[in-house]
Enquirer: 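To start, I am sharing the structure in question, which I have written as structure tokens.
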Amino acid sequence: MDVWSESLLQWFWKVKRDLPWRKTKNPYAIWISEVMLQQTQVKTVIPYYLAFLERFPTVQSLAQAELEEVLEMWRGLGYYSRARHLWEGARFILDNSDGKFPEHYEGLLKIPGVGEYTAGAIASIAFGERVPAIDGNVNRVLARILAWEEPTGRVKSRRFFREVLEDCQPSDYPGDFNQALMELGATLCAPKIVKCEDCPLNRACAAHELAQELAFPVKQGQQRVTESLRLTLVLRKGDRFLINKRPAEGLLANLWEFPGEEIFQQDRKAWAEQTWPAAVAEFFENAHSVVLDTKVWYELYQRVIWDRVQDQNVWYQLEQHLKVKGPLYHVFSHRRWEMYWIVLDCSEELQPQEGMRWVSREELEKIAFPVAFQKVLIQEL
DNA sequence: AAGGCGGGGCT
DNA sequence: AGCCCAGCCTT
């Protein structure tokens, strides 16, 4: 339970819509409403819910009805297996527990047609059990709050979302908490329209921070291609180039590169404010002012090359004629580099720096030097 | 992991 | 007219 859960609950209690199934704690009625609400909008469900409960007010009455009659009440709602499951479920409850409604998540899960979501909704709303109820709304809200880069249907996403909710679901109002998340997804955090200014979680929301609310949740097969700037230093000393060994993990792990840094477009500004001096940060508002700024390249040089012997020489070269090459684009499966580079002529040998070496063009052909950097090399030969 | 299930809303 | 939405069950 954290401060956000509290804000969320307060918001929910203030704005929640007055819906028929919110007037009851009867697990049977909640069950009917939850099943009807699967893939079906609130507005459509209301008249069906009222008529259904009128005709079948109890588990017993539903279990004893003919399937034909249940289907008739369902006519027009769609997904008719839901109606059949409901009827089978009622019979299941009568057969297995003598008409007593299961009171816990695990028991509810055994009812035909009741999956993780519906079991969680009934358990938390009707019985106050502290279990999540993750439907499409909740998935969308969480994907945005976390700026989650994978489709919500993945096993990994589902496991992680459950962990997150385990941490913040309050034990005193678990049902209202679940409903609050769903209400948020239905009213303020809709698929195509967001009203972040009214959202109680806006300051905790990573997608909002990035101004990328609608980019989440990512869809299957629409794996995010992360756009980034790749700034590269081509240091030459005669016929030799300075190369650097990349980290053992991540993109192009353990391969060689021309030294430089990757700047993610998505969070360019936030990154700049944290990483670079404030005076430079303003230039990150626009990618092209970044790559054309002498100070940016000088900062980059100082960050990447530890040896300070040539600072003056480098600054002189940059100030006299900053010649930025590029853009040159390179596409990986999940990332796209917009590459810019500068060439610096080094008069003096740099102190050997861990992971870096001077190599000739012939040597470059024999080592693991990724295509992206070969493209740069070719332009310089 | 992917497909089928039915309507309604949005473009 | 055609795409998107999305729990549960089945394969």
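Values below: all heavy atoms of this structure, side chains included; hydrogens, waters and symmetry mates excluded. In what follows, every chain begins at residue 1, and chains take the letters A, B, ... in the order their sequences are listed.
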Enquirer: Less than 6.0 Å separating the ring centroids of A:Tyr49 and A:Trp21?
Expert: yes

Enquirer: Can you tell me how far P of C:dG7 sits from CD of A:Glu34, to the nearest Å?
Expert: 10 Å

Enquirer: Does the ring center of A:Trp256 lie less than 6.0 Å from the ring center of A:Phe369?
Expert: no

Enquirer: With rounding to whole Å, what would you report as the distance between C:dC3 and B:dG4 at their P atoms?
Expert: 15 Å

Enquirer: A:Gly76 near the nucleic acid: base, sugar-phosphate alone, or nothing, with a heavy-atom cut-off under 4.0 Å?
Expert: sugar-phosphate

Enquirer: Mind checking A:Lys192 for me? I need base, sugar-phosphate or nothing, with any heavy atom below 4.0 Å counting as a touch.
Expert: nothing

Enquirer: Need one value for A:Val35: base, sugar-phosphate or nothing, where a base atom within 4.0 Å counts as base even if backbone is also close, heavy atoms only.
Expert: nothing

Enquirer: To the nearest angstrom, how far is A:Gln39 atom CD from C:dC5 atom P?
Expert: 13 Å

Enquirer: A:Trp74 ring centre to A:Arg84 NZ or CZ under 6.0 Å, with the angle to the axis within 45°?
Expert: no

Enquirer: Does C:dA6 pair with anything, Watson-Crick or G-U wobble, both distances under 3.5 Å, and if so, with which nucleotide?
Expert: none

Enquirer: What's A:Tyr117 touching, base or sugar-phosphate or nothing? Going by heavy atoms closer than 4.0 Å.
Expert: sugar-phosphate

Enquirer: Using whole Å, what does the distance between atom C1' of nucleotide C:dA6 and atom CE of A:Met182 come to?
Expert: 14 Å

Enquirer: Want to settle it: does A:Tyr79 or A:Val155 sit nearer the 5' end of DNA chain B, counting the closest nucleotide to each?
Expert: A:Val155

Enquirer: What is the nucleic acid contact for A:Gln41, judged by heavy atoms within less than 4.0 Å: base, sugar-phosphate only, or nothing?
Expert: sugar-phosphate

Enquirer: Just to be sure I understand the rule, does A:Asn139 reach a base, reach only the sugar-phosphate, or reach nothing, if contact means heavy atoms closer than 4.0 Å?
Expert: nothing

Enquirer: At 4.0 Å (heavy atoms only), tell me whether A:Arg140 reaches a base, stays on the sugar-phosphate, or touches nothing.
Expert: sugar-phosphate

Enquirer: Closer than 4.0 angstrom, basic N to acidic O: yes or no for A:Glu209 and A:Arg203?
Expert: no

Enquirer: For the residue pair A:Arg91 and A:Trp87, would you count it as a cation-pi contact if the rule is NZ or CZ under 6.0 angstrom from the ring centre and within 45 degrees of the ring axis?
Expert: yes

Enquirer: How long is the line joining CD1 of A:Ile134 and C1' of C:dG7, in whole Å?
Expert: 13 Å

Enquirer: Could you tell me how far apart A:Leu71 (CG) and B:dG6 (C1') are, to the nearest whole angstrom?
Expert: 14 Å

Enquirer: Tell me: OH of A:Tyr80 to C1' of C:dG7, nearest whole Å?
Expert: 17 Å

Enquirer: In terms of side-chain heavy atoms, does A:Ser124 have a donor or acceptor partner in A:Asn178 at a distance below 3.5 Å?
Expert: yes

Enquirer: In this structure, how many angstroms lie between the P atom of B:dG6 and the OH atom of A:Tyr48, rounded?
Expert: 14 Å

Enquirer: Determine the interatomic distance between P on C:dA6 and the same-named atom on B:dT11; round to the nearest Å.
Expert: 15 Å

Enquirer: Distance check needed: B:dA1 C1' versus A:Arg154 CZ, whole Å only.
Expert: 10 Å

Enquirer: Would you measure the distance from the P atom in B:dG3 across to the matching atom in C:dC4 and give it in whole Å?
Expert: 14 Å

Enquirer: Rounding to an integer number of angstrom, what distance separates B:dG8 and C:dC9 when you compare their C1' atoms?
Expert: 23 Å

Enquirer: By the 4.0 Å heavy-atom rule, please label A:Pro112 as base, sugar-phosphate, or nothing.
Expert: sugar-phosphate

